[in-house]
Amino acid sequence: MDAPSLLRLNAAVVVTSFRLSLFHGRQLSTGVGEGFPGSSSKRRARGPVMAAKKASDGEKQNEGKYKHTLNLPKTAFGMRANSSENQVMKRVVERNNAGTFILHDGPPYANGSLHMGHALNKILKDIINRYKLLQNYKVHYVPGWDCHGLPIELKVLQSMDQDARKELTPIKLRKKAAKFARDTVATQMKSFKRYGIWADWNNPYLTLAPEYEAAQIEVFGQMALQGYIYRGRKPVHWSPSSRTALAEAELEYPEGHTSKSIYVILKLVNSPPDSSALLTEFFPHLFLAIWTTTPWTIPANAAVAVNAQLTYAIVEVQSVEKESISQESRLKVGNVLKGGNQKLFLVVASELVPTLQSKWGEACGQENFSWYIHPIDERECPVVIGGDYITTESGTGLVHTAPGHGQEDYVTGLKYGLPILSPVDDLGKFTEEAGGFSGLDVLGDGNAAVVKFLDEKLSIILEEPYKHKYPYDWRTKKPTIFRATEQWFASVEGFRKLALDAINEVTWIPQQAQNRITAMTSSRSDWCISRQRTWGVPIPVFYHGADAWWYMTTEDLLPDKYRHQASEYEKGTDTMDVWFDSGSSWAAVLGKREELHFPADLYLEGTDQHRGWFQSSLLTSVAVKGKAPYSSVITHGFVLDEKGMKMSKSVGNVVDPENVISGGKNQKDEPGYGADVLRLWVSSVDYSGDVLIGPQVLRQMSDIYRKLRGTLRYLLSNLHDWTPEYAVSYDDLPKIDKFALFQLENVVNAIKESYETYQFYKIFQIMQRFAIVDLSNFYFDVAKDRLYVGQGHSGFTRRSCQTVLAAHLLKITRVIAPILPHLAEDAWQNLPFEHTTVGGSATRFVFESKWPDSNDQWLAVPVEDIDFWRKILELRSEVNKVLETARVGKLIGSSLEARVHLYTEDAAMASRLRELCEAKNDADALTRIFITSQVEILSSLAGSDEIPCTGELVGEGQRIWIGVSRAVGTKFGSFVGHPTLCERCYDVIEGPLPVGAMAEVS
């Protein structure tokens, strides 16, 4: 065996002995072992253990003897977060000078505890704001709360007994509601702070604040002056359970709603003048057939609408002898078809004849029709031409038209001057106008009463249940109705084109969000902005604060020139839609605070806000300012459980963000992971769609968080004796170190690009791969030898490695700071050296340090060198597989007992591999890269059959054969007093051997 080989073998094995001490050391924080990158490698862990089992008695006696000669890692940075983050946002903002960035906060509703959707939303915003801070922007983030509306009013009422409610005046209710909202704001604010959210918490905006309400009324006034606000009687979504009108954004459409649908016949009294005698033969037995899922609207029927583009037929319906045609479909035959010999001819759309034939039978014919007899009050009603909403997808092709109970019906009614009947009160009960149905609930006994009446009058052919989507009040979870009432409206038609043009000027993320809000804006009707509740901003004036509207008299409220006519005026009691409240925030916040600007740079909310805050903000801003209040809009999906199911307390699958951070009642089942694990989860998901969370997901996040923390701990602990003055110049660095810096710079650039495009899940993936694969499994693994043993504390290879580690520490800490601010700040406070900015000022906190400067020199690695080192990484993975085979086969214990043989027909590759075998610096040596004692580059495969374990690396037209055998030579030297040391370690402890000493060792 040649002397150099013996030296490599002996030195490597002694390092193994020392590693045993590192794994079992208790007095120092070493930076290795549990929680540290690379500690899970079975091959690495078993080597020292097996070596220890084979150690001689003398070795056992000397165990720990050389511990003081090692450069052991040291740091106070633990594996659990210890820091309480310093609030330095204001200080950083004052120093930054790259412009202003404004992310305008969409106000959450102040009526209860926060849920995981709030956490997702606020953390996404915070990640963006913190990144912009590092990019030297002045970030002003003003948190807001939506404080008016029915849910708060209801919670106040629910907290009072019946007697107290009777004594409740509007002003008392408003005071209680304001207190409830402010208390909820304080509770929610505390939780948001716990998530690690940076904001101007001392100056939030609340929609109940007088200055906010004043700005809101100003928006209302500007829209009124431009003719966009009017009061009219139109059908609107009405919630009997809440006793108020609702906007589309306040509705939900739960699955499984079933309505009682009926086919109703309406007797024609005459035929059109141009019909000749074509229809004469069918009179007086000719009827129109309509279908409705809301029988309670029949009393308000004013017409039947047909589609001019459809062809209509006359079908003859025969009597039936049985009660029900189909038990399975629960069809109920009307009295008009039971057992009589009456002739019955019905007008329906021709296309629907096959569908209805199985139920009714048929005859044929076609024509237009004129007037019919109303089935309840027997007045004559016209047949009119409707629009394309009349289809043959369901029903009969003729549409029962009640202008007081439907939007399309209302439009058709205006066209033909039909009466707008709506005999329903605020509670959803029939009024006296409905005659004998007065006082009945239209969604209950009133609906049933209408069906019974029509059937007794022989006007129903068929009754059947019909499952469909139906609007519910999103707060009370009860069904709504369409009802014509006097309301305040914003005429969207007046500025619709301007709004659509404004949408095209905004950047929408994801891009398909633009299609969604465009469709909603282009198709929406006029906006009903009034509500019949007490807790809200009154319409239409503001005077000395909103409460004044309730306690001041009409005379006091009117301007001077109208006071003498006060008796002629009635003070309205409507309040504004809460979407008008929050939709005015661009005026009340962006337009009133000096540090902010209009339009905002960014709005970020859930995808449901396309019909909510995004749209209400757009409409008010376009109506008043002529443009959108935002330059960019980001939308995120909903949070579901691990199985993709909606979270529900009754199901028991709710994940509470507070429990994620602090732990639940049962800490074993619901351990507390801390705010950074919650934030890490937010960064890991593709929020453009719905996202999943649950116990298993959180355990995975916790594990990844620990690995990232372990990465920083490794870096900190191995830099305990390093200062920037020790840095090795780039040109003098070993090749492996240059490649490590090349990888680092590419990672930082990729992460920056992902921040800029708001694709945080890519950052999560990049950091996970970089920390665990590129660093832990490779660079950190091969660096331990030169860090712990090296050439003394100040040896070149150790200092060069520390130079690289310091670069990684400073850059990684800053690029993860927007996502994991507590972890980053904890690491920064444990820096073993002072970091200064380009200007020379010390950075006490991580967010004072700015985003890492780009280093073009680190990226200027020749392409062929990049390709070569990537090939080395692939080769190392394959070598490890063969080493593991050798270990399992008992050929070796640890990798340090192995000799690796390599062969390739690629002469250039073989030459470069030999260069690494003969590297002048120890860091680039293949033995260090493979962590083996010996590496041999074969000139041919002659005799390779004798090598017991083999494998190969194949790829891109290149093949490298790999063989592993047991290393040759002896492990230790024979130094007096140091029988377990090789020459390399003896040099570290006692100094270099004198010339000729090697011969004695041999």
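What you see is a predicted model, and the numbers here were worked out from it, not measured in a lab.
Judged purely by atom type and a 3.5 angstrom limit, D146 has no side-chain atom pairing as donor or acceptor with the backbone of S582. No side-chain donor-acceptor contact under 3.5 Å links N659 to the backbone of V655. Looking only at distances, a side-chain donor or acceptor of N96 sits under 3.5 Å from a matching main-chain atom of Y137.
Shown are W586, W613, Y141; of these, the ring pair (Phe, Tyr, Trp, His ring centres under 6.0 Å) with H104 is made only by W613.
Salt-bridge formation is not detected for the pair K592/E211: no Lys NZ or Arg NE/NH1/NH2 atom is positioned less than 4.0 Å from an Asp or Glu carboxylate oxygen. Taking a cutoff of 4.0 Å between a charged side-chain nitrogen and a carboxylate oxygen, K707 and D703 qualify as a salt bridge. Using a 4.0 Å cut-off between charged side-chain N and carboxylate O, K811 and E745 make a salt bridge. D126 and R130 are joined by a salt bridge, as a carboxylate oxygen and a charged side-chain nitrogen come within less than 4.0 angstrom of each other.
Using a 3.5 Å distance cut-off with no hydrogens or angles, the side chains of D601 and S631 do not pair a donor with an acceptor. N129 and K125 share no donor-acceptor pair across their side chains, judged by distance under 3.5 Å alone. Side-chain atoms of H140 and D200 form no donor-acceptor pair, as typed in the model, at a separation below 3.5 Å. A side-chain donor from one of S688 and D686 sits under 3.5 Å from a side-chain acceptor of the other. For the 3.5 Å distance criterion, the side chains of Q802 and D721 qualify, holding a donor opposite an acceptor.
Around the CD atom of E753, the shell of radius 6.0 Å holds no more than 12 heavy atoms that belong to other residues, nucleotides or ligands.
A cation-pi geometry, defined here as NZ or CZ lying under 6.0 Å from the six-membered ring centre and within 45° of its normal, does not hold between R814 and W851. Judged by the 6.0 Å and 45° rule, K738 forms a cation-pi pair with Y730. In this structure, K625 is positioned above the aromatic face of F598, its NZ or CZ under 6.0 Å from the six-membered ring centre and within 45° of the axis.
The aromatic rings of Y755 and Y131 lie parallel to each other, with less than 30° between the two planes, well short of the 60° mark. Taking the six-membered ring where the residue is Trp, F780 and Y714 present parallel rings, their angle staying beneath 30° rather than reaching 60°.
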